[in-house]
Asker: 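One structure, as structure tokens, below. Some questions next.
In what follows, chains carry the letters A, B, and so on, assigned in the order in which the sequence lines appear, proteins first and then strands, with residues in each chain numbered from 1. Source: prediction; values computed, not measured.
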2 protein chains.
Amino acid sequence: MPSEDRKKNRVTLLDVARHAGVSRATASLVIRKSPLVGAETRTRVEEAMRELGYVYNMGAARLRAERSHTVGVIVPNLTNPFFAELLSGIEAVVDSAGMVVIVANSGDSVERQDRLMRRMREHGVDGVILCAAAGTGPGFLHQLTEHSLPLVQVLRHISDDIDYAGVDYAGGMRQAVDHLASLGHRAIAFAVHGPVHSAYRERVEGFRDAMRSCGLNPDMIVRLPNQIREIAAAAHLLFDGAKQPTAVVCFNDVIALGLAAGLYDRGLRVGENFSLVGFDDVTDAEAMRPRLTSVFTAPVAIGENAARLLLDRLTDPSCQPRRVVKEPQLHIRQSCGPVAAPVS
Amino acid sequence: MPSEDRKKNRVTLLDVARHAGVSRATASLVIRKSPLVGAETRTRVEEAMRELGYVYNMGAARLRAERSHTVGVIVPNLTNPFFAELLSGIEAVVDSAGMVVIVANSGDSVERQDRLMRRMREHGVDGVILCAAAGTGPGFLHQLTEHSLPLVQVLRHISDDIDYAGVDYAGGMRQAVDHLASLGHRAIAFAVHGPVHSAYRERVEGFRDAMRSCGLNPDMIVRLPNQIREIAAAAHLLFDGAKQPTAVVCFNDVIALGLAAGLYDRGLRVGENFSLVGFDDVTDAEAMRPRLTSVFTAPVAIGENAARLLLDRLTDPSCQPRRVVKEPQLHIRQSCGPVAAPVS
DNA sequence: CTCACCGTTTAGATCGATCTAAAAGCTTTT
DNA sequence: AAAAGCTTTTAGATCGATCTAAACGGTGAG
């Protein structure tokens with residue numbers, strides 16, 4: 001019977017209102033669960049929505065209300081499992097606040113990051129969670145907040161004036177070094193790779209401070225290839241220096257896994273005549289043999305923290321900038337042992 | 001007064017037009033790179049945009065043009081590195097088409113998936129890439145496409161009438177089984193876990209078919225715990241049956257890594273007296289020792305395929321449903337060897 | 001009887017872009 | 001000189017919601 005062939009099948013709020021015998025405004029109030037509307041009217045409208053199969057049009061709402069129920073997330077690398085877990089934590093909290101996540105990958109390039117940030121603003125996101133690309137200056141961030149775009153830094157810290165959710169890398173390094181020192185190790189190397197950003201510097205400085213406060217030489221820092229598959233073959237770099245390490249702290253678990261493989265290839269037995277500590281504690285740490293002792297940095301929890309920080313700021317845009325820094329935790333497994341005879 | 005700034009300071013297309021001495025409509029044409037507008041006018045408008053610091057308002061544009069430049073992606077698990085790579089491939093293609101990705105996590109629950117899909121429609125996404133939660137019926141998908149929502153299935157195949165990007169799991173299984181058979185293995189188990197969905201069934205059936213066509217018993221299917229950390233301890237399940245396997249094909253690399261650890265704990269030497277083939281070829285396959293022989297399923301490329309499929313459908317919504325099925329590739333490394341003396 | 005007041009409902013303006021159809025400016029043809 | 005044809009520009013309607021300020025019906029106080 002209803003053969004009024006509308007160009008679009010789209011059901012609008014006006015259709016719902018008419019069907020329920022009220023005005024557009026009232027129907028709008030029902031949707032937004034306003035207490036202003038009478039109980040009987042409410043049920044009538046809700047029923048009409050159901051009968052017509054109405055779907056809310058955020059786009060129209062956002063235009064008027066200047067609220068998009070959308071948050072942007074920019075990370076430097078989506079394939080890294082660590083960022084995947086971070087994203088997962090963010091998504092969970094954002095979703096439960098009834099909002100959605102727009103995700104983008106800066107590939108650690110500031111130019112791309114610039115473009116993406118512009119796109120985020122074009123899409124009218126209510127706020128952005130940013131793991132800044134290496135080389136991002138504080139000016140870039142302040143420029144955004146001055147455009148009154150709520151912003152949260154995650155994992156990489158650029159400016160004190162802007163919310164930040166991250167990890168106490170220095171504390172994590174202290175735990176790793178203390179653990180190795182307590183096993184008798186004195187020549188401990190630090191294996192790094194990847195782009196240089198605030199988290200990188202914090203880890204390196206954290207390692208050096210920890211070594212110094214144990215009275216050990218903090219300068220055995222070994223740079224490895226960025227390509228994951230080249231790490232194993234580069235394990236020899238650990239022993240190219242003057243002083244021969246008996247243990248190594250790794251910048252992350254990717255390096256730890258690569259080095260474990262490379263050390264195995266060189267005939268060393270990790271956990272017996274060489275010790276290895278990872279960083280991040282990805283799920284593989286538990287799966288490899290020997291099980292990897294690693295500093296757990298709880299990426300999912302950090303993502304949740306970042307999202308909560310942003311949601312808080314959305315409700316009160318003028319509150320003081322906050323820092324939420326999570327204490328990591330050393331998970332001791334099998335990859336470290338007492339210091340053994342020096343290796344040739 | 002930053003909140004007031006937001007309203008007052010917002011530069012609209014009208015401001016740009018006035019500043020350039022043209023009408024709103026002309027300015028709009030310039031933005032959309034229409035050939036209709038004169039060269040001199042174009043540069044004048046572009047200059048005005050730059051001077052005023054104009055940012056495009058997608059929200060307003062979408063309302064009128066019914067195009068949001070947004071695609072939804074729903075995956076069953078964000079923390080799984082495999083899906084992270086998939087997402088990465090999708091994001092790259094979508095981004096280079098000038099659109100953005102809204103990502104959501106169904107947690108393999110059809111109820112959540114239902115909610116998320118509704119939210120996607122509320123946000124007016126132009127299309128959705130869906131890795132359907134286990135238990136999703138074809139009716140759910142058809143209901144969506146009948147609402148004229150462009151849809152692409154990825155990795156899990158529910159309906160033939162809807163675009164699909166995935167992997168030839170059966171072909172991958174054939175390669176894995178053939179490889180083991182050529183090494184002399186005749187008692188080959190298949191280790192599975194996780195929820196049952198189309199990809200699950202395809203892998204299981206692929207394995208069974210491959211075994212049958214080698215004249216081998218296809219029924220040694222061993223179910224392992226879903227929890228990653230429990231897999232290693234469950235390795236004994238492989239040997240609980242009547243027939244003792246000399247090799248195992250794994251449902252994915254997560255299982256392979258877990259079993260490798262568990263077999264090591266039982267004193268078996270993978271690649272020497274027991275053989276192991278993984279599936280997916282995550283980056284860790286290369287990093288573990290012995291290096292894992294695994295079937296590479298190219299998640300990034302599949303994500304790219306899915307995104308391209310969706311973009312094509314957006315430009316021509318009425319084209320025939322297509323299937324893009326990628327052929328996986330067996331990466332032979334060190335975890336398989338010739339059949340050895342039966343294990344006790 | 002009027003007025004103020006309450007909870008509820010509504011008409012009409014509004015957000016910032018795009019679309020449509022027509023006008024304006026120019027050249028070329030009749 | 002008028003008509004026709006082309007390119008370029010524009011006014012005004014429009015998308016589907018929210019916001020504002022006022023109206024509405026009913027009650028109780030003055």
Asker: Separation of A/Glu122 atom CD from C/dA17 atom C1', in whole Å?
Answerer: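 Taking atom C1' of C/dA17 as the reference, CD of A/Glu122 is at 13 Å.
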Asker: Can you see whether A/His123 engages A/Thr70 through a side-chain donor-acceptor pair at a distance of less than 3.5 angstrom?
Answerer: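 A/His123 vs A/Thr70: no donor-acceptor pair found between side chains.
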Asker: Roughly, in whole Å, what's the span from CZ in A/Arg64 to P in C/dG12?
Answerer: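 Value for this atom pair: 16 Å.
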Asker: Using whole Å, what does the distance between atom C1' of nucleotide D/dG16 and atom NE2 of B/His123 come to?
Answerer: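 After rounding, the reported distance stands at 15 Å.
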Asker: Picking from A/Leu87, A/Val101, A/Ile90, what satisfies side-chain contact (heavy atoms from CB on, under 4.5 Å) with B/Leu78?
Answerer: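 When side-chain contact (heavy atoms from CB on, under 4.5 Å) is applied between B/Leu78 and each of A/Leu87, A/Val101, A/Ile90, only A/Leu87 qualifies.
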Asker: Of the residues in residues 30-40 of chain A, which ones touch DNA chain C at a heavy-atom distance under 4.0 Å?
Answerer: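 Close to the strand are A/Pro35, A/Leu36, A/Val37, A/Gly38.
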Asker: With the threshold set at 4.0 Å, does a side-chain nitrogen-carboxylate oxygen contact exist between B/Arg118 and B/Glu122?
Answerer: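 Yes, charged N to carboxylate O under 4.0 Å.
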Asker: Whether the B/Asp316 and B/Ser318 side chains hold a donor-acceptor pair (N or O, under 3.5 Å, no angle test) is what I'd like checked.
Answerer: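 There is such a pair between these side chains.
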Asker: Does a side-chain N or O from A/Thr12 land closer than 4.0 Å to OP1 or OP2 of D/dA17, or not?
Answerer: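 Affirmative; the distance criterion is met.
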Asker: Scan for salt bridge (Lys or Arg N to Asp or Glu O under 4.0 Å) pairs involving residues 45-58 of chain B, sequence neighbours excluded, and state none if there are none.
Answerer: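 The answer is none; no pair qualifies.
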Asker: Just call it for B/Ala25: base, sugar-phosphate, or nothing, with non-hydrogen atoms closer than 4.0 Å on any strand.
Answerer: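 Contact class for B/Ala25: base.
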Asker: Kindly give the heavy-atom pair with the smallest separation between B/Glu85 and B/Pro299, and that separation in Å.
Answerer: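 Smallest interatomic distance, heavy atoms only, reads OE1-CG, 3.5 Å.
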Asker: What verdict does the salt bridge (charged side-chain N to carboxylate O under 4.0 Å, His left out) test give for B/Arg44 and B/Glu40, after you've listed the backbone C-alpha separation in whole Å, the side-chain angles of each residue and the deciding distance to 0.1 Å?
Answerer: CA-CA 6 Å; B/Arg44 213 166 63 240; B/Glu40 192 264 349; 2.9 Å; yes
Asker: For DNA chain C, find the residues of residues 44-59 of chain B with a heavy-atom distance under 4.0 Å and give them by number; none if there aren't any.
Answerer: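 Heavy-atom cutoff 4.0 Å gives B/Tyr54, B/Tyr56, B/Asn57.
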Asker: For B/Thr41 and D/dT9, is the shortest distance between a side-chain N/O and OP1 or OP2 below 4.0 Å?
Answerer: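 Yes, B/Thr41 has a side-chain N/O under 4.0 Å of OP1/OP2 on D/dT9.
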Asker: Using atom CG of A/Leu29 as one end and atom C1' of D/dA21 as the other, report the distance to the nearest whole Å.
Answerer: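 Taking atom C1' of D/dA21 as the reference, CG of A/Leu29 is at 14 Å.
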Asker: Which part of the nucleic acid, if any, lies within contact of A/Thr26, taking any heavy atom under 4.0 Å across all strands shown: a base, the sugar-phosphate backbone alone, or nothing?
Answerer: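 Base: the residue A/Thr26, judged by heavy atoms under 4.0 Å, touches a nucleobase.
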Asker: Return the value, rounded to whole Å, for the distance between atom CG of B/Leu14 and atom P of D/dA11.
Answerer: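 Atom CG in B/Leu14 sits about 11 Å away from atom P in D/dA11.
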Asker: Report the distance from atom CZ of A/Arg24 to atom P of D/dG16, rounded to the nearest whole Å.
Answerer: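 Distance check: A/Arg24 CZ to D/dG16 P gives 12 Å.
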Asker: Rounded to whole angstroms, how far apart are CG on A/Leu63 and C1' on D/dA17?
Answerer: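 About 8 Å, once rounded to whole Å.
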Asker: For A/Glu304 and A/Gly89, work out which heavy atoms get closest and say how close.
Answerer: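 For A/Glu304 and A/Gly89, the tightest heavy-atom pair comes out as CG-O, 3.6 Å.
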Asker: Under 4.0 Å between a Lys/Arg side-chain N and an Asp/Glu carboxylate O for A/Asp15 and A/Arg10?
Answerer: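 Salt bridge: no.
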Asker: Measure the distance from CZ on A/Arg42 to P on C/dG7 and round it to the nearest whole Å.
Answerer: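 So the two atoms are 15 Å apart, to the nearest Å.
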